[in-house]
Trainee: 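Have a look at the structure that comes next, please.
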Amino acid sequence: MEIIHLSAECYPVAKAGGLGDVVGALPKYQTQMGHYAKVVMPMYRTKFLYQHDWVVDFKGRTNLADWWFDFTVIKEKDNTLGFDLYLIDINSLLDRENIYGYSDDTQRFVAFQIAFVNWLSHWQHKPDVLHCHDYHVGLIPFMVKYCYDYNHLADIPAVLTIHNAQYQGWMNWDQSRLIPRWDTWKGGLLEWNNTINPLAAAVKNAWKVTTVSWSYLDELRYNSNGLEALFEYERGKCVGILNGIDADVWDPATDKFIAVNYDAENVDEGKQETKQGLCDEFNLNPEKPLVIFIGRLVGEKAADLLPDAIISSMYSMHGNVNFLVLGSGEPHVEWQLRQLTHTFPGNYNAVIGYNEALSHRMYAGADFLLMPSRVEPCGLNQMYAMQYGTVPMVRSTGGLRDTVTDMGDWQGWGIRFTHASIGDIVHAISRAVALYYDDKESLTSMRKHMMQINNSWENSVQQYLNIYQSLKF
Ligand code: ADP
């Protein structure tokens, strides 16, 4: 089958979160299973662009409302990622250093989608499926059905995967002129609550919708930033498929970012050595349990609770615990987390920013990973943590509920709690601290057990293939 993945992110080309990880891995495993998977994404000015060789595949010209623009599709020459990678270059619009965060993001992503369908309309054949990831490419299923210039592509099945329904790409109706000439009788298929809502449009127009865990799919009907009724109505075409982890990138036995490679057999020694390095670098005490947080510092991740939870834990556990935080996001949370470095030197440190290499060392060197998320579609951090023998402490929600059990349950591992509240977080940390000091044997066997859990992509890849297959007529 020929599968076209459309996405704003793809690791290692450009990544801001889990979306990048998934789009960097899923096509690779599909290719390994004998399918022809391609990724098409915007051409940003990232390191990857300059470190690889490219060939021009197509040059086109089209328009965004009354702005005519030229675009170029380039293809990575050596297939280093294990699948065909195409970047669309739109001069002055897409070729920027960051993926998101510009005032003209709407124009950028709509233009990207228009350039893609324009390119596709020049192909001599049709692919078997268009697999759209999140709202940035959510207008494509509508465009191929109802834009007059492109509706000869309407018979190509379009699948939407929702990695995060919080962000929906809302556009005012006056921006409807950005979408290429479309059948105005079909306005209802773009609309939700009086705005154009690209995520809602994708749910309505895609042939099949997947979310990245079963529990998240369930939760969307009660909590999806305004789309609850839509998910209730469309539940028949929605399926949950858990993300996997890419063992080529995330494996402590081969990871190039960590000082000492280890596996389940020598997990305690391997982790201790990496922990020592982290503690030296960040002025922490390697004898104490190391709790880490990695992620976007936003409300979804309950990052606003971290400062108070850390302060309370530090006092209630009499400083017998270390914290290391890596993340960036809301300025007031960043500021509070920075301030804490002065309050608890020797016990706490924070790196505000994005650092892929450090994240690997933290998963490897930490004892516990904290994820108090209010919303977590799948969550990859907890799976990486388990792979590296780090005990996840998670709020029971979305994908966290589907992938982590509680050590109090029969054959359980990990620590689960119910509420995104200071009380629940501090209680979870106190359980972790007790496990670390009082029951090292259980901690070691939990580490070994987690490292043997199979969170690989194989299962999930097959489920995606089954979905594509079911759409073929
Ligand atoms: P989300 O996509 O909602 O941000 P996920 O848990 O699905 O959350 O994926 C997060 C991914 O981003 C993981 O690979 C995590 O290691 C990575 N990540 C998040 N923040 C940072 C950061 N500041 N530095 C390095 N990696 C980060």
Side-chain angles (χ1 to χ4, degrees), residues 7-26 46-47 98-101 133-136 161-167 211-213 215-216 219 225 241-252 255 257-258 278 282 292-303 306 324-330 333-334 337-338 349-366 369-388 390 392-395 397-404 420 455 457 460:
S7 169
E9 299 180 32
C10 172
Y11 177 83
V13 191
K15 164 180 162 182
L19 169 64
D21 285 335
V22 172
V23 179
L26 175 60
T46 62
K47 253 198 213 154
N98 295 325
I99 306 173
Y100 316 112
H133 298 267
D134 275 354
Y135 85 83
H136 321 97
T161 292
I162 300 175
H163 300 258
N164 195 332
Q166 293 299 108
Y167 306 99
T211 64
V212 288
S213 69
S215 290
Y216 184 58
E219 287 167 14
N225 210 1
I241 302 179
L242 211 53
N243 287 335
I245 61 178
D246 187 350
D248 296 340
V249 182
W250 299 97
D251 180 355
D255 193 325
F257 291 117
I258 61 179
L278 279 178
F282 294 104
I292 58 166
F293 175 94
I294 299 175
R296 294 179 294 119
L297 302 175
V298 296
E300 257 178 85
K301 303 282 178 194
L306 286 178
L324 183 58
V325 174
L326 168 63
S328 59
E330 284 164 14
V333 179
E334 291 187 354
L337 289 169
R338 271 204 192 97
N349 220 326
V351 177
I352 304 301
Y354 190 92
N355 189 329
E356 190 78 24
L358 177 60
S359 76
H360 283 246
R361 286 198 288 135
M362 287 173 64
Y363 288 119
L369 170 95
L370 177 62
M371 290 182 82
S373 310
R374 292 193 176 91
V375 181
E376 196 58 79
C378 176
L380 289 166
N381 300 20
Q382 81 283 9
M383 293 202 256
Y384 298 148
M386 294 191 276
Q387 180 90 351
Y388 285 72
T390 299
M393 290 189 281
V394 305
R395 181 172 166 249
T397 187
L400 299 176
R401 190 212 306 261
D402 294 346
T403 53
V404 178
N455 281 317
W457 266 107
S460 313

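Order of listing sets the numbers, starting from 1, for every ligand and every atom in it.
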Trainee: Please verify whether a non-hydrogen atom of Cys378 lies at under 4.0 Å from ligand 1.
Mentor: no

Trainee: Using heavy-atom distances, let me know which of Met371, His163, Lys301, Met383 sits nearest atom 1 (P) of ligand 1.
Mentor: Lys301

Trainee: What residue and atom, counting heavy atoms only, is the protein's closest point to atom 10 (C) of ligand 1, and at what distance?
Mentor: Asn381 OD1, 3.3 Å

Trainee: Purely on distance, is any nitrogen or oxygen of Gly17 under 3.5 Å from one on ligand 1?
Mentor: no

Trainee: Taking atom 24 (N) of ligand 1 as the point of reference, which of Val212, Asn355, Leu400 owns the nearest heavy atom?
Mentor: Asn355

Trainee: Using a heavy-atom cut-off of under 4.0 Å, does the side chain or the backbone of Lys15 touch ligand 1, or both, or neither?
Mentor: side chain

Trainee: Who's the nearest protein heavy-atom neighbour of atom 2 (O) of ligand 1, and how far?
Mentor: Gly18 N, 2.6 Å

Trainee: Considering only protein heavy atoms, which is closest to atom 22 (C) of ligand 1, and at what distance to one decimal place?
Mentor: Tyr354 CD1, 3.4 Å

Trainee: Tyr11 near ligand 1, heavy-atom distance under 4.0 Å?
Mentor: no

Trainee: Flag Glu376 as yes when one of its N or O atoms lies below 3.5 Å from any N or O atom of ligand 1, and as no otherwise.
Mentor: no

Trainee: Tell me the protein heavy atom at minimum distance from atom 23 (N) of ligand 1, and give that distance in Å.
Mentor: Gly353 O, 2.8 Å

Trainee: Pairs of nitrogen or oxygen atoms closer than 3.5 Å, one from Ser328 and one from ligand 1: do any exist?
Mentor: no

Trainee: What part of Leu358 sits under 4.0 Å from ligand 1 if we count only heavy atoms: the side chain, the backbone, both or neither?
Mentor: neither

Trainee: Do me a favour and list the nearest non-hydrogen protein atom to atom 16 (O) of ligand 1 with residue, atom name and distance?
Mentor: Tyr363 OH, 2.8 Å

